[in-house]
Amino acid sequence: MTTNTSTPVSVLGLGAMGSVLADTLLRAGHPTTVWNRSAGKADDLVGRGAASAVTAAEAVRSGRLVIACLLDHASVHEVLDPLATELAGHTLINVTTTTPEQSRELAAWAAKAGIDYLDGGIMAVPEMIGKPGASVLYSGSAAVFQRHQPLLELWGDSTYFGEDAGLASLYDFALLSGMYVMFAGFLHGAAMVAPAGVSAGRFATMAAPWLTAMTGAFAGFAEVVDGGDYTVEGQQSLEFSSLDDLVRATEEQGVSTEVISMVQKLIRRQIDAGHGKEGFARIIESIRQPV
């Protein structure tokens with residue numbers, strides 16, 4: 001793996017995330033050219049040694065390694081389609097948030113244009129970049145990942161998932177789904193206790209250790225799911241897991257049941273199909289087979 005910090009890097013997109021990615025490269029000694037659609041975003045970085053490109057084309061010409069951190073999939077095409085010829089022979093690492101299929105489409109577009117492509121999913125907020133806990137997932141060109149891994153490690157722990165360019169995005173969105181559902185569950189609980197005069201802050205002091213402890217159940221659920229047998233001993237049954245009382249308690253507090261009713265519907269579908277004696281992990285079958 002190369003550790004050469006003299007390789008010029010161009011960063012396209014200076015939102016909150018793009019700016020900190022570029023700043024991290026600068027601090028590590030990488031000559032960095034930056035470009036953003038709206039003016040002014042590059043001023044602080046230029047003050048710390050970055051070169052500012054007036055156009056995306058100028059940025060691309062400044063280095064053979066291009067980092068794209070733009071708004072969305074459409075923005076990537078809007079910015080890069082006109083530059084496909086100039087990008088030929090370059091390396092493109094795209095850390096724009098895109099779906100797995102969009103990532104695969106961009107990889108195919110890059111291959112057709114003669115661009116080495118690596119897709120990235122950032123599992124961190126901007127303030128975490130370059131610090132313990134930051135993680136970036138990658139898929140696509142193995143050669144690109146290996147060649148630039150020292151640079152990628154500047155941003156956070158780097159994990160490579162294979163040549164399928166959509167895998168990093170898939171893991172990214174799968175992990176985010178768990179996060180958002182957990183956040184929604186916490187907020188549901190906070191809404192439930194609020195009518196009793198309990199602040200969200202006070203509730204958080206109880207919820208954080210409880211939810212952290214409950215993540216210990218993941219491995220057991222995974223073992224059951226991977227084994228495909230929801231009747232193994234030691235599981236909490238779907239009938240016992242029925243959330244009817246929880247839904248009723250939510251209604252009694254005068255708040256929305258939408259969050260908890262979503263889980264109850266997944267449970268109920270399996271009970272109604274005759275699997276009430278089987279383990280809670282079986283709700284994955286409700287998720288795998290949408291109505």
Side-chain angles (χ1 to χ4, degrees), residues 11-22 35-37 56 60 65-84 87 90-126 128-129 134-145 148 152 155-185 218 222 225 258-259 262-263 265-266 283-291:
V11 178
L12 308 180
L14 299 177
M17 184 61 76
S19 293
V20 74
L21 296 179
W35 171 85
N36 193 70
R37 192 189 308 268
V60 167
L65 174 59
V66 177
I67 311 297
C69 188
L70 300 165
L71 177 63
D72 54 21
H73 176 257
S75 299
V76 176
H77 275 299
E78 184 179 348
V79 172
L80 297 184
D81 279 0
L83 307 178
L87 278 166
H90 286 55
T91 295
L92 173 62
I93 300 177
N94 177 43
V95 292
T96 305
T97 300
T98 52
T99 69
E101 286 305 313
Q102 289 172 337
S103 297
R104 294 179 181 116
E105 185 276 329
L106 284 167
W109 170 86
K112 185 176 180 179
I115 304 165
D116 290 332
Y117 183 85
L118 186 68
D119 199 85
I122 300 175
M123 304 302 299
V125 295
M128 294 172 61
I129 296 299
S135 173
V136 188
L137 317 179
Y138 296 97
S139 57
S141 170
V144 170
F145 179 78
H148 295 292
L152 302 177
W155 296 332
D157 291 337
S158 300
T159 305
Y160 178 70
F161 289 95
E163 295 279 348
D164 178 353
L167 283 178
S169 173
L170 180 60
Y171 273 91
D172 184 3
F173 278 99
L175 290 166
L176 287 173
S177 70
M179 180 191 77
Y180 279 111
V181 173
M182 178 186 67
F183 285 169
F218 289 175
V225 170
E258 290 173 277
V259 172
M262 175 270 291
V263 182
K265 288 177 181 178
L266 298 174
I283 70 166
I284 195 172
E285 300 301 334
S286 294
I287 299 167
R288 284 171 169 168
Q289 302 172 32
V291 175

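Residue indices begin at 1 and follow the sequence shown.
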Hits for side-chain contact (heavy atoms from CB on, under 4.5 Å) against S158, two or more places apart or cross-chain, chain-then-number order -> Y138, F145, L152, E153

Value for CG (L71) from OG1 (T97), rounded to nearest 0.5 Å, stands at 9.0 Å

- Task: Run the numbers on Q102 and H77 for side chain to side chain donor-acceptor pair (under 3.5 Å), then give the verdict.
- Result: CA-CA 11 Å; Q102 289 172 337; H77 275 299; over 6 Å; no

The side-chain hydrogen bond (donor to acceptor under 3.5 Å, both in side chains) partners of T91 (sequence neighbours excluded) come to R147

(message) Before you tell me yes or no, could you show the steps for D72 and S75 under side chain to side chain donor-acceptor pair (under 3.5 Å), namely the whole-Å CA-CA distance, both residues' side-chain angles and the distance that decides it to 0.1 Å?
(response) CA-CA 5 Å; D72 54 21; S75 299; 2.7 Å; yes

Rounding to 0.5 Å, atoms CE (M123) and OG1 (T159) come to a distance of 10.5 Å

Residues passing the side-chain hydrogen bond (donor to acceptor under 3.5 Å, both in side chains) test with T98, sequence neighbours excluded, are S103

Within the side chain of S141, is there an N or O that forms a donor-acceptor pair under 3.5 Å with the backbone of L118? no

Taken in chain and number order and not counting sequence neighbours, the residues that satisfy side-chain hydrogen bond (donor to acceptor under 3.5 Å, both in side chains) with D157 are none

The reported gap from CG in L175 to CZ in F173 (rounded to nearest 0.5 angstrom) is 11.5 Å

When rounded to the nearest 0.5 Å, the distance separating CZ of R37 from CD of E78 is 4.5 Å

E163 meets the side-chain hydrogen bond (donor to acceptor under 3.5 Å, both in side chains) criterion, sequence neighbours left out, with none

| field | Heavy-atom side-chain proximity of D116 to H90 below 4.5 angstrom | value | no

Give the table of side-chain donor-acceptor pairs shorter than 3.5 Å for residues 11-22, with sequence neighbours excluded, one pair per line with atom names and distance.
{"unit_1": "S19", "atom_1": "OG", "unit_2": "L14", "atom_2": "O", "d": "2.9"}
{"unit_1": "S19", "atom_1": "OG", "unit_2": "G15", "atom_2": "O", "d": "2.9"}

